[in-house]
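Here the structure comes first, spelled out in C-alpha cells, and everything after it is commentary.
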Protein chains: 4
Amino acid sequence: MSGAQREKHEAILDSAFEIFGQKGFYETKISDITEHAGIAKGTMYLYFKSKEELFIAVTRRDWETFLRNLSYRVKQADGLLPKLRQVAEHHLEYYYERKSHGKIFFHAPNNDSELMKMMHGFLTRYMAIVKDVLEEAGMPDPDFYAKAFIGMLDRLKMDILFEGEFTREELELRVDQTVRLFLRGSERELN
Amino acid sequence: MSGAQREKHEAILDSAFEIFGQKGFYETKISDITEHAGIAKGTMYLYFKSKEELFIAVTRRDWETFLRNLSYRVKQADGLLPKLRQVAEHHLEYYYERKSHGKIFFHAPNNDSELMKMMHGFLTRYMAIVKDVLEEAGMPDPDFYAKAFIGMLDRLKMDILFEGEFTREELELRVDQTVRLFLRGSERELN
Amino acid sequence: MSGAQREKHEAILDSAFEIFGQKGFYETKISDITEHAGIAKGTMYLYFKSKEELFIAVTRRDWETFLRNLSYRVKQADGLLPKLRQVAEHHLEYYYERKSHGKIFFHAPNNDSELMKMMHGFLTRYMAIVKDVLEEAGMPDPDFYAKAFIGMLDRLKMDILFEGEFTREELELRVDQTVRLFLRGSERELN
Amino acid sequence: MSGAQREKHEAILDSAFEIFGQKGFYETKISDITEHAGIAKGTMYLYFKSKEELFIAVTRRDWETFLRNLSYRVKQADGLLPKLRQVAEHHLEYYYERKSHGKIFFHAPNNDSELMKMMHGFLTRYMAIVKDVLEEAGMPDPDFYAKAFIGMLDRLKMDILFEGEFTREELELRVDQTVRLFLRGSERELN
DNA sequence: AATGAATGAGGCTTCATTCAT
DNA sequence: GATGAATGAAGCCTCATTCAT
C-alpha cells in the first residue's frame with residue numbers, strides 16, 4: 001500500500017469513527033461515511049470488505065491506541081497509587097475526548113463473532129494491565145479487584161457521555177475519589 | 001382494554017423481551033416476535049405503534065420490575081451493610097436470570113430520544129435508591145459513591161453474561177467481595 | 001396457498017416467462033417483471049426466494065408442459081412414422097409459439113447447479129421419450145438415433161427463432177423433410 | 001500496431017477466451033481477464049472499446065479459425081462421404097477441444113445486435129460450406145440437408161461438453177454413425 | 001379484533017469504465 | 001503506452017408498515 005493509499009485508509013477510518021460514533025453501527029449508512037470522507041461510495045470497498053469489516057477496523061484502531069497509551073502511562077508511573085491514578089485518568093480522559101462519539105460504545109453489529117472475539121480480547125488485555133499493577137503491589141485476588149476498579153471507572157463514563165456540562169476539573173476530582181474509594185473504602189467516611 | 005386484550009398485550013411483550021434479548025433491536029424482525037407470540041404481524045400494530053414503541057414498552061416493563069423489586073428488598077433489609085448486600089445481590093441476580101438475553105442491554109435503537117430519556121430516568125431512579133441508602137447511613141457525597149458502587153456491580157455483568165459457567169455460588173461470592181471492597185477498600189488487603 | 005395466491009403465482013411466472021424470454025436472465029431486472037405483472041417489487045419475493053429461483057420455476061413449468069404435451073401426442077399416434085412426426089411437429093411448434101422468447105433458451109444464469117441439474121434431467125426425459133419410440137420399433141442403438149433426431153429438429157429452431165417470416169406451412173414442410181431424412185437418409189436423393 | 005502491441009492484443013484475447021469460456025459473459029469480470037493476462041485493468045481499454053467488443057473479438061477469432069480449418073479440411077477430402085466425415089470430425093473435435101469452455105457457447109451478451117449479426121453471419125458461412133459439399137454431390141434442397149446435418153452434429157456437443165468421460169474413440173464412433181445416418185437413414189436398421 | 005398479503009423506500013454492494021500519473 | 005485508484009450508476013433484496021377482508 002502506497003503512502004497516499006495509507007492516508008486514504010486512515011481518512012476512511014477517521015470518518016467512520018466519527019459517524020459510527022455519532023449514530024451507531026446500524027443507523028450509519030456507508031454513504032454517510034464516504035460523503036464525510038469526501039470520496040465515492042465504491043472507494044470504501046477498495047479498502048474494506050464490508051460495513052462490518054470497517055466497523056471492526058475502526059474499533060480495533062481505537063482500542064489499540066487506548067491500550068498502547070495506557071501501557072505507556074502505567075509504565076511511567078511509580079507505585080500503586082500513581083499507577084492507579086494513571087489508569088483512572090486515562091480511562092476517563094478517553095471518554096472525555098469521545099463525548100460526541102458515545103454511540104460507538106453501545107451499537108456494534110450483532111451476530112458478528114469476529115467482533116465479539118476482538119472485544120473480548122481487548123477487555124482481557126485491559127484487565128491484564130490493571131491486574132499486573134495490583135499483583136505487583138501484592139494485592140490478593142487481583143482479577144476481582146481489577147474488574148471492580150474498571151467497573152467504577154466505566155460507570156462514570158455515563159456521566160461524561162451524557163452530561164453535557166461535565167468539565168475537565170470534575171474529571172480530576174473523579175479520578176481522586178475513585179482511587180481513594182478503591183483503596184480505602186467508603187466506610188471510614190461515615191461519622 | 002379487556003382481559004383477553006391485556007393478556008395478548010403481555011404475550012407480545014413476553015415474546016418481544018425474548019427475541020430482542022437474544023438478537024438485539026436491529027437484528028430482530030417484527031415477524032420474529034409475532035411468530036414467537038403465535039399471532040399475525042398486523043396484530044402487533046393494534047397494541048403498539050411501532051417497533052420502537054414496542055422496544056420501549058419492553059424495556060420499561062423490565063426496568064419497572066427491576067426497581068420495584070429492588071425497593072422492596074432494600075426496605076426489608078436493615079442497616080447499611082445488609083442493604084448494600086441486597087442491592088448487589090439484586091443487581092447480579094438480574095443479569096444472572098437474563099444470561100441468554102444479553103443483547104437487549106447492548107442494542108437499543110439509536111436516535112430515539114424517548115428511549116434515551118427513559119433510560120436516563122431509570123438510571124437516575126436506580127441511583128437514587130442507592131443514594132438514599134448511603135445518605136441514610138451518613139455517607140458524604142452519596143452521589144459519587146452510589147455511582148461507583150453500581151459501576152462495580154455492572155462491570156461484573158460482563159462475566160455473568162459472557163462466561164457460560166458462571167454459577168450461583170460465584171454470584172454470592174462476588175456480592176460479598178464487592179460490598180466489602182466498597183466499604184473497606186482494597187488497601188488493607190496488602191501485606 | 002389460496003386460489004388468489006395461486007393466480008398471482010402464475011401471473012408472476014407468466015410475466016417472468018415473457019420478460020426473461022425477451023431479454024434473457026441477466027438483462028432482466030426484477031422490476032421489469034413485477035411492473036409487467038402489475039405488482040410491487042417486494043411481492044415477487046413472497047412467492048419466490050430469489051431471481052434465480054424464479055428463473056428456475058419458469059423454466060421448470062415450461063419444460064414440464066413441453067414434456068407432458070409430447071407424451072400425450074406420442075401416445076395418441078400409432079406406428080413409428082406417425083410418432084416421429086408428432087415429435088417433430090411438437091418440437092418445432094414449441095419454438096414457433098415462442099418466436100419472441102428466444103432469449104430464454106440461451107441465457108440462463110451460470111453457476112447455478114440446481115438449474116443445470118434440472119436442465120439435464122429434462123433433456124434426459126425428452127430423449128427417453130424419443131428413445132422409447134425408436135426402441136419400440138426395433139431400432140438398434142436408440143440412444144444415438146434419438147439424439148440425432150432431436151439434434152436435427154433443434155437446429156431448425158434457429159430458423160424459426162431468427163427468421164421473422166417463418167410460416168406455419170414451412171413448419172409442416174420441415175417436419176416432413178426431417179422425418180424422411182431421419183428414416184431414409186439423404187443418399188437416395190442423389191441422382 | 002507494433003509487434004509488441006499485437007502480442008498483447010492476442011494475449012488479451014487468449015485470456016478472454018479462457019475466462020469467458022469458463023464463466024460466460026455475464027459472470028466474467030474484466031479484472032478476471034486482465035489478471036489472467038497479467039496486465040492492468042485499464043490496459044484492456046487501450047485495445048478494446050468495451051467488454052462487449054472484447055467478447056465479440058474473441059468470438060470472431062474463434063469462429064474464423066473454425067471456418068478456416070473447416071474449409072481446408074473439406075478441400076483436402078475428395079468425394080461426398082469423405083467430405084462429410086471431415087465436417088463431422090471437425091465439428092466434434094472443435095467442442096472436444098473446448099470441453100472446459102462450454103459456457104462461451106451459452107452465455108453471450110444479449111441485446112447486442114452486432115454480435116447477433118456476426119453469429120448469424122458465421123452460421124450462414126458454416127452452412128454454405130456444407131451446402132456446397134452437398135450441392136456438388138447433386139443433393140436436392142441442400143439448404144435443408146445442410147442444416148439437418150449440422151443439427152445432428154450440434155446435438156452431440158451436449159454429450160461432449162457435459163459428459164466428463166467422453167473419449168476420443170467415442171468421438172470417432174459418433175462421426176461414423178452420424179454420417180451414416182445422414183446418408184442412409186435409420187429405417188434400414190429395423191428388422 | 002385479527003389477519004397476512006402487499007407495498008415500496010432504502011441500503012449494501014458490484015463492477016465497467018475513466019483518467020491522472 | 002501502461003497503470004490501477006477512483007467513480008457512481010444500477011440492481012437485488014429486506015422488512016416495517018398498511019389495509020382490505
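The structure presented is a predicted model; accordingly, all values stated were derived computationally and were not measured. So you know, we letter chains A, B, ... as the sequences are listed, proteins then strands, and number each from 1.
- Under the Watson-Crick and G-U wobble criteria, each requiring two contacts below 3.5 Å, nucleotide dT7(F) is paired to dA16(E).
- Distance from the side chain of L46(D) is smallest for dA2(F) among the nucleotides dT13(E), dA16(F), dA2(F).
- Ring geometry for W63(A) versus F122(A): interplanar angle under 30°, hence parallel rather than tilted (30 to 60°).
- Judged by Watson-Crick or G-U wobble contacts below 3.5 Å, the nucleotide dA9(E) has dT14(F) as its partner.
- Residue contacts shown for K8(D) are limited to sugar-phosphate atoms, with no base heavy atom under 4.0 Å away.
- Within the 4.0 Å cut-off from OP1 or OP2 of dG11(F), not a single side-chain nitrogen or oxygen of Y26(C) is found.
- Atom CD1 of I30(B) is separated from atom C1' of dG4(E) by 14 Å (rounded to the nearest Å).
- Going from atom NZ of K49(C) over to atom P of dC12(F) covers 18 Å, rounded to whole Å.
- Proximity note for I39(D) (side chain, C-beta onward) versus dC12(E), dT3(F), dT3(E): the nearest is dT3(F).
- Among dG1(F), dA6(E), dT17(F), the nucleotide with an atom closest to any side-chain atom of Q5(D) is dG1(F).
- For the pair F48(A) CZ and dA5(F) C1', the interatomic distance rounds to 15 Å; values are reported in whole Å.
- Nearer the 5' end of DNA chain F, as judged by each residue's closest nucleotide, is the contact made by G38(D), out of G38(D) and A4(A).
- Side-chain atoms of K23(B) never come within 3.5 Å of backbone atoms of E18(B) as a donor-acceptor pair (strictly under, hydrogens ignored).
- When distances are taken from the side chain of K51(B) to each of dG1(F), dA16(F), dA2(E), the shortest belongs to dA16(F).
- Residue-level contact check: T28(D) touches the backbone only, with heavy atoms under 4.0 Å from sugar-phosphate atoms and none from bases.
- Computed from coordinates, the I19(C) CD1 to dG11(F) C1' distance equals 16 Å when rounded to whole Å.
- At least one cation-pi condition fails for K8(C) and Y47(C): the charged atom is not both under 6.0 angstrom from the six-membered ring centre and inside a 45 degree cone around its axis.
- Taking the six-membered ring for Trp and thresholds of 30 and 60 degrees, F55(B) and F20(B) have ring planes more than 60 degrees apart, a perpendicular arrangement.
- Residue Y47(A) places none of its side-chain N or O atoms closer than 4.0 Å to OP1 or OP2 of dA5(F).
- Annotation: the span from I12(D) atom CD1 to E7(D) atom CD amounts to 12.0 Å, rounded to 0.5 Å.
- Of all nucleotides listed (dA6(F), dA2(F), dT13(E)), dA6(F) comes nearest to the side chain of T43(A).
- If you measure from atom CZ of F55(C) to atom C1' of dC12(F), you get 17 Å, rounded to the nearest angstrom.
- Each of G42(A) and S31(B) was matched to the nucleotide of DNA chain F holding its nearest heavy atom; the match closer to the 5' end belongs to G42(A).
- A donor-acceptor contact shorter than 3.5 Å is absent between the side chain of R61(D) and the backbone of A57(D).
- One donor-acceptor pair, N or O on each side, does fall under 3.5 Å between the base of dG10(E) and the side chain of K41(C).
- Between the P atom of dT7(F) and the CD atom of E35(A) lies a distance of 12 Å, rounded to the nearest Å.
- K29(D) places its NZ atom 12 Å from the C1' atom of dT13(E), with the value rounded to the nearest Å.
- Taking the side chain of A40(A) as heavy atoms from C-beta on, and the options dT17(F), dT17(E), dT7(F), the nearest nucleotide is dT7(F).
- Y45(B) has no side-chain polar atom (N or O) that falls below the 4.0 Å cut-off from OP1 or OP2 of dC19(F).
- Pair assignment for dA2(E): dT21(F), on the basis of Watson-Crick or G-U wobble contacts that are both within less than 3.5 Å.
- The CD atom of E7(D) sits 16 Å away from the C1' atom of dA2(F) (whole-angstrom rounding).
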